[in-house]
Structure formats: structure tokens, C-alpha cells
Amino acid sequence: MSARLYTQNLDVQIAQKHVVRGLDLQIKSGEVWVILGQNGIGKTTLLHTLAGLRKADAGTIGLDHVPLAQWNGRQRAQRLGLLPQRSEDVFSQSVLDVSLAGRYPYLPLWQSIGSADLQHAQAALKALDITDLSERDVRHLSGGERQRVAIASLLTQDPDVALLDEPIAHLDLHHQMQVLSLLRNRTQQQDRCVVMVLHDANLAWQFSSHVLLLYGQGCWEAGPAHQLLTAERLSRLLAHPIEQLETRLGPVFQARTTT
């Protein structure tokens with residue numbers, strides 16, 4: 001199976017600090033990738049580079065066999081979607097209108113939203129249990145509600161490749177599990193792929209097929225989650241001793257208390 005999103009010898013820097021050097025990825029349909037690393041290591045910068053929002057320092061990013069730079073903005077938005085870390089709401093909009101914004105890349109010039117677009121948005125709101133919020137002003141939502149609206153907009157966009165920066169931020173446990181299950185199921189059932197930033201190695205183990213570990217100074221490892229997620233690697237990754245505990249549901253990674 002060929003890659004939907006790929007990188008070849010990719011270099012990304014922030015102010016002379018390397019995020020990755022020589023990054024080679026092959027992200028295929030049905031795969032859920034999680035990016036893990038310490039705060040400030042450059043996870044968001046890398047995600048924005050993969051989305052084409054900033055230029056790589058070297059190397060190539062490709063989407064469906066074509067270098068990302070060769071897709072125009074409309075074509076790219078139909079295939080690749082980004083959930084940013086924060087959503088800024090300056091103007092009053094309803095939850096439904098924000099979700100419908102995901103359909104804009106598919107609308108011909110001057111064409112308004114149609115019934116099929118409305119069905120996409122309503123299905124996304126239903127999947128995230130926020131149909132009852134559809135007429136609410138997004139400026140008056142809680143942080144967790146607003147996060148689910150942002151995810152609904154991405155689902156309404158329905159891209160082949162979804163890039164998500166901390167998608168479970170502000171969510172309680174129930175909604176964390178709901179969102180991660182929804183993303184995984186969509187990926188596996190609809191010939192899609194997902195790349196997301198998380199901070200919890202246990203959730204990465206549970207929901208990802210692959211991980212990208214960012215160690216700093218451009219060093220990285222990428223591959224199947226159940227091979228790379230070990231206590232030894234996570235201790236190095238997070239600069240803190242990690243222990244692996246075995247349970248009937250699988251391993252659990254726990255930070256060791258230090259004195």
C-alpha cells in the first residue's frame with residue numbers, strides 16, 4: 001500500500017534548533033500516528049510543516065505521490081486538514097456554522113452551502129454529541145465544548161489526511177476516549193490516515209498504530225507503536241524515569257516518583 005503522506009530527508013528547525021533531521025516517513029491509509037516528545041521540542045512546528053503552513057529547511061513532503069508544494073490551496077484542503085492547538089473566536093458564530101466551514105474547500109466560486117454539506121456537518125455534530133449545541137454561539141462554550149466543535153469542523157471537511165495538534169486538550173476522560181475512538185474508527189473504516197500530537201504514552205499505546213518520537217537536537221525514531229513504546233525509550237524521551245506495569249488490558253506506563 002502506497003503512502004498518503006510522506007517525507008523524504010526532511011529537516012525542520014526553529015531558531016537554529018533542529019526539530020528533526022533527515023526525517024523519512026511513510027504514512028499509509030488506515031494508520032494512526034502519534035507524535036510524542038517534551039514540551040517545546042517542536043511537535044507543533046513539525047505538524048504545521050507537514051500541513052504546508054511553514055517551509056521545511058530541507059527535504060520533501062508529499063501527498064498522494066505529489067510534492068505538497070505542487071497542490072494548490074483548494075486541492076490541498078480537500079485532501080489534508082489541520083486541527084490547530086487553539087481556536088480563536090473573534091466574531092459571533094453558531095456551532096453549526098463553524099462546523100459547516102469545513103465544507104468551504106469543496107464549494108465552487110459563489111456557490112452557497114447545500115443540503116449535502118449540511119448533512120456532513122450534522123453528522124459530525126452527532127458523532128461528537130454536540131447536536132444540542134448547534135445554535136449556540138461558539139464564544140459562549142466551555143473549553144471542552146469548543147474543542148469538540150473544532151474537531152467537528154475537521155470531520156465535516158473530511159480530509160484524507162488529518163493532522164491534529166492535541167485534539168483531546170480540555171476534554172474530560174469520557175470525551176477523550178470518545179474522540180480518540182472516533183478518529184481511529186474513521187481512519188480504519190474510511191481509508192484515511194491520522195497524525196496527532198498527544199502527551200499521554202498510554203493513550204498512544206491504546207489508539208495509535210505508529211509513533212514518532214522526538215528526542216531533541218533533530219534525533220527521532222518512527223515505527224510501530226507496540227515496538228517503540230517501551231519504558232527505556234519513554235524515559236529518554238521525557239527525561240524522567242518511566243516504569244512499565246503489566247495489566248490484563250496491556251502495559252501501563254507510569255512515571256517513577258523521585259526524591
Side-chain angles (χ1 to χ4, degrees), residues 27 29-36 43-44 47 51 80-87 89 93-103 117-212 225-226 229 247-254:
I27 299 172
S29 294
E31 294 181 347
V32 176
W33 283 72
V34 168
I35 302 174
L36 293 169
K43 300 183 295 294
T44 294
L47 204 68
L80 189 152
L82 172 68
L83 176 78
Q85 200 173 104
R86 299 178 184 84
S87 300
D89 298 307
Q93 294 184 88
S94 72
V95 165
L96 180 59
D97 285 340
V98 172
S99 182
L100 280 167
R103 301 307 298 167
D117 302 308
L118 183 60
Q119 289 174 6
H120 274 282
Q122 291 173 333
L125 296 180
K126 182 178 180 180
L128 289 156
D129 290 337
I130 50 175
T131 300
D132 60 325
L133 301 179
S134 60
E135 299 305 319
R136 288 270 300 275
D137 188 327
V138 293
R139 297 176 302 171
H140 302 151
L141 300 178
S142 70
E145 290 170 335
R146 183 61 181 89
Q147 184 73 350
R148 285 187 284 156
V149 173
I151 296 168
S153 184
L154 182 68
L155 294 181
T156 301
Q157 182 183 347
D158 194 27
D160 297 325
V161 180
L163 308 175
L164 303 99
D165 196 353
E166 300 188 36
I168 58 174
H170 309 297
L171 300 185
D172 57 36
L173 177 61
H174 168 70
H175 289 113
Q176 287 181 13
M177 303 301 283
Q178 177 197 46
V179 164
L180 292 175
S181 296
L182 180 63
L183 292 171
R184 180 180 60 186
N185 293 342
R186 173 185 180 274
T187 299
Q188 294 174 345
Q189 297 170 6
Q190 300 181 26
D191 196 31
R192 304 289 197 259
C193 58
V194 162
V195 182
M196 57 182 165
V197 172
L198 293 180
H199 287 283
D200 190 326
N202 292 305
L203 291 177
W205 176 278
Q206 187 170 355
F207 288 99
S208 70
S209 61
H210 295 73
V211 292
L212 172 60
H226 289 190
L229 290 178
T247 75
R248 64 182 182 85
L249 298 177
V252 172
F253 300 103
Q254 180 173 306

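With contacts defined as side-chain heavy-atom distances shorter than 4.5 Å, the pair Arg136/Leu141 qualifies. Between Cys193 and Val161 the shortest side-chain heavy-atom distance falls below 4.5 Å. Contact check for Ser181 versus Phe207: side-chain heavy atoms found under the 4.5 Å cut-off. You'll find the side chain of Leu171 reaches within 4.5 Å of the side chain of Arg148, heavy atoms only. At least one side-chain heavy atom of Arg146 sits under 4.5 Å from a side-chain heavy atom of Val98. With a 4.5 Å cut-off on side-chain heavy atoms, Val149 and Leu128 do not count as touching. Using a 4.5 Å heavy-atom cutoff, the side chains of Asp97 and Leu100 are in contact. Contact of the Leu182 side chain with the Arg186 side chain is not registered, since no non-hydrogen atoms from C-beta on lie closer than 4.5 Å.
Nearest heavy atom pair, residue Leu125 against residue Ser134, reads CD1-CB, 4.0 Å. Counting all heavy atoms, side chain and backbone alike, Asp129 lies closest to Gln178 at OD2-NE2, 2.8 Å.
Rounding to the nearest 0.5 Å places CD of Glu145 at 8.5 Å from NE2 of His175. Between Gln190 atom CD and Ser29 atom OG the span is 11.5 Å, to the nearest 0.5 Å. We find the CD1-OG distance between Ile27 and Ser209 to be 9.5 Å, quoted to the nearest 0.5 Å. From Glu31, atom CD reaches atom NE2 of His210 across 4.0 Å, with rounding to the nearest 0.5 Å. To the nearest 0.5 Å, the span separating CD on Gln157 from CG on Leu82 amounts to 9.0 Å. For the atom pair CZ (Arg139) and CD (Gln93), the distance works out to 9.5 Å, reported to the nearest 0.5 Å.
In terms of the side-chain contact (heavy atoms from CB on, under 4.5 Å) criterion, Asp132 has no residue partners (sequence neighbours excluded). In terms of the side-chain contact (heavy atoms from CB on, under 4.5 Å) criterion, residue partners of Ala124 (sequence neighbours excluded) are, by chain and number, Ser99, Ala152, Leu155, Thr156.
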Which donor-acceptor pairs under 3.5 Å do side chains of residues 194-201 form with protein atoms, sequence neighbours excluded?
unit_1: His199; atom_1: NE2; unit_2: Glu166; atom_2: OE2; d: 3.2
unit_1: Asp200; atom_1: OD1; unit_2: Asn202; atom_2: N; d: 2.8
unit_1: Asp200; atom_1: OD1; unit_2: Leu203; atom_2: N; d: 3.3

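Of the options Val34, Leu36, Ile35, a side-chain contact (heavy atoms from CB on, under 4.5 Å) to Leu212 is made by Ile35 and by none of the others.
In the model, Asp117 has no side-chain atom that pairs as donor or acceptor with a side-chain atom of His120 under 3.5 Å.
Of the possible polar contacts, none joining the Glu135 side chain to the Ser94 backbone as a donor-acceptor pair under 3.5 Å is found. Under the 3.5 Å distance criterion, the side-chain polar atoms of Arg184 are matched with a main-chain donor or acceptor of Gln206.
Checked for salt-bridge contact, Arg192 and Asp158 meet the test: a charged N lies under 4.0 Å from a carboxylate O.
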